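Structure first, commentary second.
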Amino acid sequence: LGMTLVGLGLIAAVAFGALRFLTDVDPWPVIQQIDVLWLMAALAVFVFGNLFVGHRFSCLYPWPDEARPNRWSLGSIFFAGSVFSLLLPGPVGELAAVAALRKRYGMDMATSLAAAIHARFVGLTAAATIAAIALPMFSAPGVVGEVLQWAAIMLVLGGFGLGLLSSNPAWLQALGHKLKIEKEEPGLWGRVRSSLQHFAVALTQVADAPFRTWLKVYGWSVWIQLIQVSALLCVAAALGVTVAWPGLFLAQGTGSLAILVGMFLPG
């Protein structure tokens, strides 16, 4: 709760500061005119879309024979962990989520982390697809528009590149086998190598998933992206702004792909 409140405060401060520094727009009259019902609808749609992350993760995790946890519960844990990713650099949210999965369901942390990272790569492919659909219809005047267009193209290519890597498990399996060690060593270095070996085994397990599993994860990722586009549409309605669907697609797709650029920065 504390992290969430701090995050909301930071988001408001950054939003107000950016508007006042980069434009001549006073944000307060805009905020006063917001339709609260549409804003609450946007919030509900946004949360609903993020809960499907649990469905995506469940497809990729190599479950044993026992019963699987509820996919909505898995999604709520990952959604709660995303608060940390927004405030702290690096994939802190995934680490917090897999730690919670370990505590609540006894799931192996290395396997959960490998599945979460792999699912994130597939999710970036879905974001690249959404952005690529709208990119041919995007135009903006002047140098700024040209810079935005080339930046979007680079992000889309990066997203598809990660998707190609995630759909071909051979390199993940090769990486996992290289990280494996034959015998344990004493001391701190031995514990570090043992942890690397444990993660390598988890990496190869996740990489062994068939291609149809990758397609399922990709399908859930596209569905999540489309729900988030609906959330943006609700925000536009709350602000009384008329928007075209290519703009919504490009904003959602490139916004998700910007993780590639700011991977080690707060969200």
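All residue numbers refer to positions in the sequence shown, counting from 1. It should be emphasised that the depicted structure is a prediction, and the values quoted were computed from it without experimental measurement.
- The backbone N or O of Thr125 sits less than 3.5 Å from a side-chain atom of Thr129, completing a donor-acceptor pair.
- Pairs passing the ring pair (Phe, Tyr, Trp, His ring centres under 6.0 Å) check and including a residue from residues 91-115, sequence neighbours excluded, do not occur.
- Distance check: Ser82 OG to Glu94 CD gives 9.0 Å after rounding to the nearest 0.5 Å.
- Val36 has its side chain within reach of Met40: a pair of non-hydrogen atoms, C-beta onward, lies under 4.5 Å apart.
- For Tyr218, the ring-ring contact (aromatic ring centres under 6.0 Å, His included) partners two or more places apart in sequence, or in a different chain, are Trp214.
- Between Ala127 and Leu257, the shortest heavy-atom distance links the atoms CB-CG, 4.0 Å.
- One hydrophobic cluster, built from ILVMFWY side chains closer than 4.5 Å, cannot hold both Leu43 and Trp38; they sit in different ones.
- Counting heavy atoms from C-beta on, the side chains of Phe46 and Phe79 come closer than 4.5 Å.
- Nearest heavy-atom pair across Ile227 and Gly49 is CG2-CA, 3.5 Å.
- Between Ser58 atom OG and Lys216 atom NZ the span is 10.0 Å, to the nearest 0.5 Å.
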For residues 237-255, please give each side-chain donor-acceptor pair under 3.5 Å, one per line with the distance, not counting sequence neighbours.
from: Gln252; atom 1: NE2; to: Gln225; atom 2: OE1; distance (Å): 3.1
from: Gln252; atom 1: NE2; to: Ser256; atom 2: OG; distance (Å): 3.2
from: Thr254; atom 1: OG1; to: Leu250; atom 2: O; distance (Å): 2.5

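- The shortest heavy-atom contact between Ser221 and Arg56 is OG-CD, 3.0 Å.
- Here Leu101 contributes atom CG and Leu113 contributes atom CG; the two are 10.5 Å apart, rounded to the nearest 0.5 Å.
- With 3.5 Å as the limit, one finds no donor-acceptor pair spanning the side chains of Ser112 and Arg102.
- Side-chain contact check for Val217 versus His118: every heavy-atom pair is 4.5 Å or farther apart.
- Using a distance-only test at 3.5 Å, with no hydrogens or angles considered, a donor-acceptor pair links the side chain of Ser230 to the main chain of Leu226.
- Under the 30°/60° scheme for interplanar angles, the aromatic rings of Trp223 and Phe52 are found to stand perpendicular.
- Connection of Val45 to Leu37 is not established within any shared hydrophobic cluster, with ILVMFWY side chains joined at heavy-atom distances below 4.5 Å, either directly or through further cluster members.
- Evaluation of the ring-ring contact (aromatic ring centres under 6.0 Å, His included) rule for Tyr61 yields Phe57, Trp63 as partners, not counting sequence neighbours.
- Scored by the side chain to side chain donor-acceptor pair (under 3.5 Å) test, Ser76 finds no partners at all (sequence neighbours excluded).
- Residues Gln228 and Asn50 share a closest heavy-atom pair of NE2-ND2, 3.2 Å.
- With a 4.5 Å cut-off on side-chain heavy atoms, Leu74 and Val53 do not count as touching.
- What you find for Leu135 and Ala152 is that their closest heavy atoms are CD1-CB, 3.8 Å.
- Under the rule for a side-chain contact (heavy atoms from CB on, under 4.5 Å), the partners of Leu157 that lie at least two apart in sequence or sit in another chain are Ile153.
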